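Since the model is a prediction, treat every value here as computed from it, not as a measurement. Below, chains carry the letters A, B, ... as their sequence lines are ordered, and counting in each starts from 1. We use all heavy atoms of the structure for the numbers below, so side chains are in, but hydrogens, waters and symmetry mates are not.
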Amino acid sequence: MINIKFPDNSVRKFEEGITGLGIAKSLSNSLAREVLAVSVNEEIWDLTRPITRDAEIRLHKWGDDEASHAFWHSSAHLMAEAIEVLYPGTKFGIGPAIENGFYYDVDTGDDVAITDADLPRIEQKMKELSSQKSSFIREEISKEDALKLFGQKGDEYKTELISDLEDGTITLYKQGKFTDLCRGPHLPDTSPIKAIKLLSLAGAYWRGDEKRKQLTRIYGITFPKQAMLEEFLDKLEKAKERDHRKVGKELELFTFSQRVGQGLPLWLPKGAQLRERLENFLKRVQRKYGYEQVITPHIGLKDLYITSGHYEKYGKDSFQPISTPQEGEEFLLKPMNCPHHCEIYSSKPRSYRDLPVRMAEFGTVYRYEQSGELHGLTRVRGFTQDDAHIFCRPDQLKEEFIKVIDIIHHIFKALDFNDYITQISLRDKTDHEKYIGSDENWEKAEKAIIAAAEEKKLETIIEYGEAAFYGPKLDFMVRDAIGRKWQLGTIQVDYNLPERFELEYTGADNLKHRPIMIHRAPFGSMERFVAVLIEHTGGKFPLWLTPDQAVILPISEKYHDYAEKVSKFLNNYDIRTLIDERSEKIGKKIRDSELKRIPYLLIVGEKEAASNTISVRRQGEGDKGAMNLEEFAKFISQEVENQLESIDTI
RNA sequence: GCCGAUGUAGCUCAGUUGGUCAGAGCAGCUGAUUUGUAAUCAGCAGGUCGGGGGUUCGAAUCCCUCCAUCGGCUCCA
């Protein structure tokens with residue numbers, strides 16, 4: 001007999017070799033029907049795998065990540081089985097469960113291609129196979145046998161994976177006629193996989209390596225119930241309504257032009273208005289934190305970037321140098337602001353008493369991103385960083401770093417971003433080619449970030465190999481409408497540029513010392529931040545930010561003049577309004593999608609014009625009744641002020 | 001850059017196998033209507049069907065190529 005401990009700390013005895021499913025059955029039949037996976041001592045197991053020792057277990061039903069993981073992983077195998085039937089000879093790469101669903105990378109050979117049109121056929125075959133209720137059978141196998149098995153099939157991908165594995169840790173899973181190299185865990189059998197949707201096809205390099213073969217990746221998602229699938233697809237559809245590219249077009253915030261060039265956003269008046277408000281907000285915050293604004297040009301001599309090391313790293317893949325009538329003279333569009341700021345630092349001698357020096361600039365930079373990488377406002381070729389560089393002494397590093405974390409937290413709170421991930425990006429110690437600078441400095445910089453994050457009690461995830469080439473980073477990542485992660489705020493510790501630019505200050509000991517540089521951008525870039533802001537708010541910005549604070553609706557054309565008067569009056573109070581011309585024509589109503597995003601509706605007609613008032617309605621709150629103009633202006637100004645004040649005291 | 005898909009009026013879209021296929025709604029303009037918040041009526045104007053090349057008696061439709069966009073991969077100073 002073995003002791004099984006449950007999440008409520010109760011312990012029961014079972015026969016040795018009992019399975020998760022067996023335990024579930026002993027508790028209740030309905031549980032046994034619903035359970036999908038089991039955690040045994042924090043490791044996710046198949047429900048059918050015998051437990052031979054005392055263990056702590058948790059049973060997972062749909063709704064637990066562990067359950068959906070096993071469910072989707074099994075679905076990936078089911079899809080692979082279907083593909084093997086429909087496309088014999090297909091070779092398989094990897095097929096994991098992901099956050100929403102699963103994928104499998106397959107190689108159908110050069111002659112056969114799976115296209116979008118084939119997806120329903122594969123879905124159909126999956127449904128057919130799932131209803132056969134094939135069991136997923138786990139089997140341990142020696143490395144030698146595994147290599148032999150997949151070698152016979154001619155599957156070079158699996159054999160490559162196996163050769164990287166330790167002997168004695170290799171397991172196979174079989175269901176129906178399909179056998180796969182797999183760590184598991186899986187469902188007991190295929191039957192719970194009822195609702196199936198293959199979502200998309202994409203090319204994906206084998207092992208993520210650009211130089212290797214590109215396989216066909218098929219994405220899909222499955223659920224135990226059709227209704228769940230429909231709900232998921234519906235949610236996905238709704239999320240697309242918030243897409244910043246769609247909303248940005250509707251609200252006339254920004255546009256692109258093929259003539260101007262790919263990835264070069266054109267900010268329309270309302271977008272510029274919004275952006276300006278954000279900039280002013282950030283400038284105000286930064287002033288409080290002791291930053292000074294600087295301004296630097298959009299280009300710099302090529303030598304500047306040779307000094308910084310950026311030319312060597314990115315020169316070939318950047319916008320190419322601009323030549324001048326002067327033979328041999330070459331300028332680069334600036335891809336970052338740091339070198340310029342370094343030159344400002346060294347424009348005069350610095351004393352230890354002067355530090356820290358905090359230089360801020362909304363600096364527009366240009367990077368030649370790969371064409372396939374461009375994406376709305378989140379990934380562009382010309383963008384404006386809310387950049388700043390802090391030059392400080394080693395003893396100031398931690399405090400300065402922490403202050404930057406504070407700024408970012410402040411900003412995120414002010415804009416109601418609660419759902420973000422904090423990531424520490426460190427170097428990949430085995431890859432020396434990718435980074436510049438001494439190990440000693442890297443070590444110091446990485447420790448500083450980790451220490452600061454600990455002191456601020458940040459819940460961070462650590463990613464190795466994600467550091468910038470000159471230093472480690474602390475990044476704040478936010479999700480977009482359909483769940484993709486984007487880096488917004490970033491803080492980077494850099495011992496490198498100060499060395500390359502030979503920056504120094506005179507210490508109390510009257511000797512020269514090297515300052516440490518912190519790069520930071522709370523928004524990341526204005527473009528990306530606005531994009532994420534749009535998707536978070538669905539285009540309904542807070543009053544203090546919104547380009548149009550009120551829309552004036554004249555009952556009829558007769559009151560157009562009065563509407564103009566109201567608009568002008570409010571404009572004097574810095575309240576931006578829009579007169580909805582369309583409503584002048586009776587019965588024509590402004591469309592919801594546009595109207596709903598403007599906080600206040602001001603209705604004017606005979607009554608209002610006569611009494612010099614407006615009928616005020618706040619979206620979502622209903623009528624506020626008639627107000628005279630001055631009253632309304634004060635009311636709005638007060639509201640904006642209150643909002644800004646409450647932001648300040650966050 | 002790579003794999004796959006898409007590109008028809010300012011916007012959203014229809015256009016069956018190449019032959020009245022240059023269309024609709026909304027937006028715009030001109031009139032009429034004077035009406036309290038999701039749509040008043042009539043008329044007008046809008047497009048080298050992403051660009052270029054080819055096949056054909058004939059191309060929005062088939063082929064090639066370039067450009068852009070979308071979903072991924074890779075990349076992201």
Side-chain angles (χ1 to χ4, degrees), chain A residues 103 105 113-117 119 199-219 240 243 245-246 249-250 252 255-259 261-263 305 308-315 317-318 334-339 365 367-376 378-381 383 385 387 425 435-436 466-471 473 475 482 484 486-487 490 492 494 496-497 519 521 524-525 528 551 553-559 580-596 601-608 615 617 623:
Chain A
Y103 67 78
D105 285 347
I114 297 177
T115 68
D116 287 333
L119 295 183
L199 297 165
S200 65
L201 283 174
Y205 299 106
W206 171 235
R207 306 204 112 180
D209 187 341
E210 213 178 346
K211 290 178 189 72
R212 304 194 64 178
K213 187 161 177 170
Q214 200 163 45
L215 309 183
T216 305
R217 177 169 295 180
I218 306 173
Y219 285 90
K240 283 186 191 152
D243 190 308
R245 292 166 295 194
K246 182 176 154 71
K249 192 183 248 177
E250 283 168 7
E252 296 183 0
T255 188
F256 289 90
S257 149
Q258 245 186 79
R259 270 217 174 108
Q262 227 184 343
Y305 302 99
S308 71
H310 289 103
Y311 188 77
E312 194 194 335
K313 181 83 180 165
Y314 295 104
D317 306 318
S318 294
K334 74 175 173 191
M336 79 290 303
N337 306 297
C338 347
V365 298
R367 297 178 184 177
Y368 193 77
E369 307 290 2
Q370 296 186 74
S371 61
E373 250 310 317
L374 300 173
H375 181 97
T378 48
R379 195 77 187 273
V380 287
R381 283 179 172 168
F383 57 97
Q385 295 179 307
D387 209 359
S425 303
Y435 309 101
I436 57 171
E466 293 290 309
F469 76 97
Y470 52 73
K473 314 189 278 177
D475 291 330
I482 63 169
R484 287 176 290 219
W486 296 96
Q487 176 204 306
T490 179
Q492 307 168 8
D494 184 359
N496 232 299
L497 278 189
H519 308 247
S525 77
R528 184 174 288 178
V551 57
L553 300 172
I555 288 316
S556 75
E557 202 174 346
K558 254 201 279 190
Y559 307 109
D580 180 43
E581 304 287 349
R582 281 160 292 188
S583 69
E584 289 173 5
K585 293 178 186 161
I586 296 313
K588 286 209 172 187
K589 286 152 201 168
I590 191 165
R591 248 175 260 175
D592 218 23
S593 55
E594 297 167 52
L595 187 72
K596 276 241 167 97
L601 306 188
L602 311 179
I603 297 148
V604 298
E606 188 181 356
K607 198 172 69 187
E608 290 82 2
S615 292
R617 171 184 291 191
D623 288 330

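Here, B:U40 and B:U34 have their C1' atoms 11 Å apart, quoted to the whole Å. Separating the C1' atom of B:G51 from that of B:G7 is a span of 12 Å, rounded to the nearest Å. Comparing the P positions of B:U30 and B:A14 gives an interatomic distance of 32 Å, to the nearest angstrom. The P atoms of B:G31 and B:U12 are separated by 30 Å, rounded to the nearest whole Å. Nucleotides B:G72 and B:A9, compared at atom P, are 26 Å apart to the nearest Å. Annotation: B:C13 and B:G54 have their C1' atoms spaced 30 Å apart (nearest Å). If you take atom C1' in B:C73 and the same atom in B:C11, they sit 32 Å apart, rounded to whole Å. Of the C1' atoms belonging to B:A60 and B:G19, the separation is 14 Å, rounded to the nearest Å.
Counting non-hydrogen atoms under 4.0 angstrom, A:His375 reaches the backbone sugars and phosphates but no base. Backbone-only engagement by A:Tyr470 is indicated by non-hydrogen atom pairs under 4.0 Å involving sugar-phosphate atoms exclusively. Residue A:Gly524 is out of contact with every strand shown, counting any heavy-atom pair closer than 4.0 Å. Nucleic acid contact for A:Ala204: sugar-phosphate only, since backbone atoms but no base atoms lie under 4.0 Å from a heavy atom of the residue. Nucleic acid contact class of A:Ser308 (heavy atoms, under 4.0 Å, all strands): none. Nucleic acid contact for A:Lys473: sugar-phosphate only, since backbone atoms but no base atoms lie under 4.0 Å from a heavy atom of the residue.
Looking at A:Phe383 and A:Val365, their side chains come closer than 4.5 Å, going by heavy atoms from C-beta outward.
Side-chain atoms of A:Arg528 come within 3.5 Å of backbone atoms of A:Thr378 as a donor-acceptor pair (strictly under, hydrogens ignored). Between the A:Glu312 side chain and the A:Gly309 main chain, no donor and acceptor come within less than 3.5 Å of each other. When atom types are taken as modelled, the side chain of A:Arg381 and the backbone of A:Glu369 share a donor-acceptor pair closer than 3.5 angstrom. With hydrogens and angles ignored, the 3.5 Å screen pairs a side-chain donor or acceptor of A:Asn496 with a backbone N or O of A:Ile436.
Here B:G58 sits opposite no nucleotide as a Watson-Crick or G-U wobble pair (both hydrogen-bonding atom distances under 3.5 Å). Across the strands present, B:G46 finds no partner; the criterion is a Watson-Crick or G-U wobble pair with both atom distances under 3.5 angstrom. Across all strands shown, B:G7 forms a Watson-Crick or G-U wobble pair with B:C67, both key distances being under 3.5 Å. B:U40 is paired with B:A32 under the criterion used here, namely a Watson-Crick or G-U wobble arrangement in which both key atom distances are under 3.5 Å. When Watson-Crick and G-U wobble pairs are counted only if both distances are under 3.5 Å, B:A24 pairs with B:U12. Nucleotide B:C2 has B:G72 as its partner under the Watson-Crick or G-U criteria, with both atom distances under 3.5 Å.
The nearest whole Å value for the distance from the CD1 atom in A:Ile218 to the P atom in B:C3 is 17 Å. In this structure, the OH atom of A:Tyr219 is 17 Å from the P atom of B:C70, given to the nearest Å. Rounded to whole Å, the distance from CG on A:Asp243 to C1' on B:G71 is 12 Å. The interatomic distance linking A:Glu250 (CD) with B:A27 (C1') rounds to 13 Å, in whole Å. Atom CG in A:Leu374 sits about 13 Å away from atom P in B:C67, given to the nearest Å. Per the geometry, CD1 belonging to A:Ile114 stands 16 Å off C1' belonging to B:A5, to the nearest Å. When rounded to the nearest whole Å, the span between CZ of A:Phe256 and C1' of B:C67 equals 16 Å. Atom NE2 of A:His519 and atom P of B:A77 are 11 Å apart (whole Å).
The phosphate of B:U69 (OP1 or OP2) has no side-chain N or O of A:Arg245 nearer than 4.0 angstrom. In terms of phosphate contacts, A:Arg212 brings no side-chain nitrogen or oxygen within less than 4.0 Å of OP1 or OP2 of B:C2. Proximity of A:Arg528 to the phosphate of B:C76: no side-chain N or O atom is located under 4.0 Å from OP1 or OP2. Regarding contacts with the backbone of B:G50, every side-chain N or O of A:Gln258 stays at 4.0 angstrom or more from both OP1 and OP2.
Counting only heavy atoms from C-beta on, A:Glu608 has its side chain closest to B:G36 among B:C73, B:A77, B:G36. Checking B:C73, B:A77, B:U69 against the side-chain heavy atoms of A:Gln262 singles out B:U69 as nearest. When the nucleotides B:A77, B:G4, B:C11 are ranked by their closest atom to the side chain of A:Lys249, B:C11 comes out on top. Considering only the side chain of A:Tyr314, B:C76 comes nearest among B:C67, B:C76, B:G72. Considering only side-chain atoms of A:Asp116, the nucleotide from B:A68, B:A5, B:A77 that sits closest is B:A5. Comparing atom distances between the A:Phe469 side chain and each of B:C73, B:G71, B:A77 picks out B:A77 as nearest. You'll find that the side chain of A:Pro335 is closest to B:A77, out of B:A5, B:A77, B:G72. The A:Lys607 side chain lies nearest to B:G36 when the options are B:C76, B:G1, B:G36. Closest contact between the side chain of A:Gln214 and the listed nucleotides B:C73, B:C2, B:A77 involves B:C2. Counting only heavy atoms from C-beta on, A:Arg379 has its side chain closest to B:C75 among B:C75, B:G72, B:A77.
Taking for each of A:Gly208 and A:Ser615 the nucleotide of RNA chain B with the nearest heavy atom, the 5'-most of the two is the partner of A:Ser615. Nearest-nucleotide positions on RNA chain B place A:Ser200 closer to the 5' end than the other of A:Trp486 and A:Ser200.
The residues A:Arg245 and A:Asp243 are annotated as salt-bridged, a charged nitrogen and a carboxylate oxygen being separated by less than 4.0 angstrom.
Under the 30°/60° scheme for interplanar angles, the aromatic rings of A:Trp486 and A:His375 are found to be tilted.
On a pure distance criterion of 3.5 Å, no polar donor-acceptor pair joins the side chain of A:Gln370 and the base of B:C75. Not a single donor-acceptor pair, N or O on each side, falls under 3.5 Å between the base of B:G72 and the side chain of A:Tyr205.
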Chi angles and distances behind the side chain to side chain contact (heavy atoms under 4.5 Å, CB included) call for A:Lys313, A:Tyr305 = CA-CA 10 Å; A:Lys313 181 83 180 165; A:Tyr305 302 99; over 6 Å; no
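Closest of all the heavy-atom pairs between A:Ala204 and A:Gln214 is N-CG, 3.4 Å. Here the shortest heavy-atom pairing between A:Ile114 and A:Leu201 reads O-CD1, 3.5 Å.
Annotated as syn: B:G46, whose glycosidic dihedral is within 90° of 0.
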